[in-house]
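The structure under discussion appears below in the form of structure tokens.
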Amino acid sequence: MSAALRLHDVTLGYDRHPAVHHLDGEIASGALLAVVGPNGAGKSTLLKGLVGALKPLGGRIDRGALGRREIAYLPQAAELDRSFPVDVFDLVATGLWRRTGLFGGVSRGDHARIDEAIAGVGLTGFERRAVGTLSGGQLQRALFARLLLQDASVILLDEPFAAIDAQTVSDLLALIARWHSERRTVVAVLHDMEIVRQAFPETLLLARRPVAWGPTSETLRPERLLEARAMPEAFDDHAPVCDAHGTGRAA
Amino acid sequence: MTPYDAMLAPFVEFAFMRRALVGAVALSLGAAPIGVFLMLRRMSLTGDAMAHAILPGAAVGFLVAGLSLPAMTLGGLVAGVSVALLTGLVARTTLLKEDAALAAFYLLSLALGVTLVSLKGSNVDLLHVLFGSVLALDDQALTLLAGVSTVTLVALALIYRPLVLECVDPGFLASVSRSGGLAHFVFLGLVVLNLVAGFQALGTLLAVGVMMLPAATARFWAASLGGLFAVAIGTAVAASIAGLLLSYHLGTPTGPTVILAAGVFYLASLVFGRHGGALSRLAPPRRHRAA
């Protein structure tokens, strides 16, 4: 199996402090990978690095032949400004960016595809509703509709099920399972270990450094989860410069 | 006084009133949509800070070349664009946020401008720069106003998608395109351009009013982005006409009167506005819908 994304000794962080430290490994093409770990473990940072929105402090992320627009990214819902007057149809339509870019028009065929994506997440009838009037679950469905339109071979999801009811979770999991069956690569940051155990064959347990990466049943063993929980959360402002890189600090 | 005397005669009889009308409408077309974006990006006070940053540039232009439109425009543009660029640069490369960076640079610009003016020892009448002269717009000034509003609308159309997406979902925009940063700088440039154009008509400080007051007014009446633009432009044009007529009949200074007229629209919307106005909040409809 070829790799969709390869990580070579990657360190990602902010202001010279690493949030993800010396991560090596590869995400196989068609993988269904869960990323778990305590708060502040660097999970969201890792996704930002994978999508190219954050430059590594050290090491290198090899995306192979994947273009920037072939990686779809679902940011945390909290990063959205829901007071902005934009409706569901327009929000979902931004998933066509890969084709339309800055100036391209939205054709009649595109309209049909947008309607189809909205129907695919069960939001038909909500097209002209402002995103500010949606519930958390409805908004997440709309964002999944956008992912459907993006039609990307790699899909990165940052906490897709935060504060979402069981019905919506199971609907969205069905979409993820469909992407997996279509041989797309899916990486999801998750907190609910039950969901991870049920739906994700492969797991990366992150606590700034990789604690374990492999089959989910191996990775989520109690002693490893305990080890991950022992991670110090605060940055140490006086940490010495890290040995393994010339560039980053150790903590 | 007949309605004709009150509302049409001043424009029919006096060329300077017609020119003022054309200038104010041109300014409204460009500045109001800019104001809507400033408001939605939570940068409502940025316009005000930028106006302070531009003022010294225009004043220096005035000192060097007298009451010359090109010199004052150029001075204002240089000061405004430098402050915008430095602010953006600091916000994106250091830990200072945009508001703190902007506050620092506009204060520096203002202090530098005032110092330069006083060093020159000239007691020129800066009232013109401060409060504008909408009743004395010459061809040059009208061309500038029309040109700026044309450039503004075209540029807004070009950067519309990244500008909107950077507000709604910056994480997503960064994942599909690198245009967010560029769109932001172009947008700041448009803010400066409109303020520089506005100081001819309304004065540096009051030019912000025709940008922000109609935008804030629109928030109470429209729920969609297109609706916001329409209501904001309509309000700005209506306030311009009302302000011109009132100042003609009452003999009040024109720039402030236009802004006060916009203020009346704003205050009325605050009370009666359909979306979140005080009345709709205080006395919500007693019966709710079944679904």
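Labels below follow one simple rule: chain letters A, B, ... track the order of the sequence lines, proteins then strands, and each chain is numbered from 1.
- Note on B:Gly226, B:Ser175, B:Ala174: by heavy-atom pairs under 4.5 Å with chain A, the leading option is B:Ser175.
- Interface remark: B:Leu158 contributes backbone and side-chain atoms alike to the contact with chain A (heavy atom separation under 4.5 Å).
- Between the side chains of A:Glu26 and A:His8, no donor-acceptor pair of N or O atoms lies under 3.5 Å.
- For the residue pair A:Asp165 and A:Thr168, a side-chain donor N or O sits within less than 3.5 Å of a side-chain acceptor on the partner.
- Residue A:Pro75 touches chain B through its side chain alone, counting heavy-atom pairs closer than 4.5 Å.
- With a 4.5 angstrom heavy-atom cutoff, A:Leu91 touches chain B only via side-chain atoms.
- Interface summary for chain B: among A:Ala72, A:Gly52, A:Gly132, A:Ser83, the most heavy-atom pairs under 4.5 angstrom belong to A:Ser83.
- Residues A:Leu50 and A:Ile27 form a side-chain contact, since some pair of their non-hydrogen atoms from C-beta on lies under 4.5 Å apart.
- By number of non-hydrogen pairs under 4.5 angstrom with chain B, the leading residue of A:Val86, A:Thr94, A:Asp158 is A:Thr94.
- Within the 4.5 angstrom heavy-atom criterion, only backbone atoms of B:Ser224 (N, CA, C, O) approach chain A.
- Side-chain atoms of B:Tyr106 and B:Thr87 form no donor-acceptor pair, as typed in the model, at a separation below 3.5 Å.
- Only the side chain of B:Leu173 comes within less than 4.5 Å of a heavy atom in chain A; its backbone stays farther off.
- Highest contact tally toward chain B, considering only A:Pro85, A:Ala130, A:Ala53, is held by A:Pro85 [criterion: heavy-atom pairs under 4.5 Å].
- Taking the six-membered ring where the residue is Trp, A:Phe144 and A:Trp179 present parallel rings, their angle staying beneath 30° rather than reaching 60°.
- Salt-bridge formation is detected for the pair A:Asp81/B:Arg42: a Lys NZ or Arg NE/NH1/NH2 atom is positioned less than 4.0 Å from an Asp or Glu carboxylate oxygen.
- The shortest heavy-atom contact between A:Ile71 and A:Gln150 is O-NE2, 4.5 Å.
- With a 6.0 Å cutoff to the six-membered ring centre and a 45° limit on the axis angle, A:Arg129 does not count as a cation-pi contact of A:Phe89.
- Of the two parts of B:Leu165, only the side chain, counted from C-beta on, holds a non-hydrogen atom closer than 4.5 Å to a non-hydrogen atom of chain A.
- Side-chain contact between A:Ile118 and A:Phe126 is absent, with no heavy atoms from C-beta onward closer than 4.5 Å.
- Using a 4.5 Å cut-off between heavy atoms, A:Gln76 makes no contact with chain B at all.
- Among A:Leu54, A:Asp90, A:Leu80, A:Val51, the residue making the largest number of heavy-atom pairs under 4.5 Å with chain B is A:Leu80.
- For A:Arg146, the part lying under 4.5 angstrom from a heavy atom of chain B is the side chain only.
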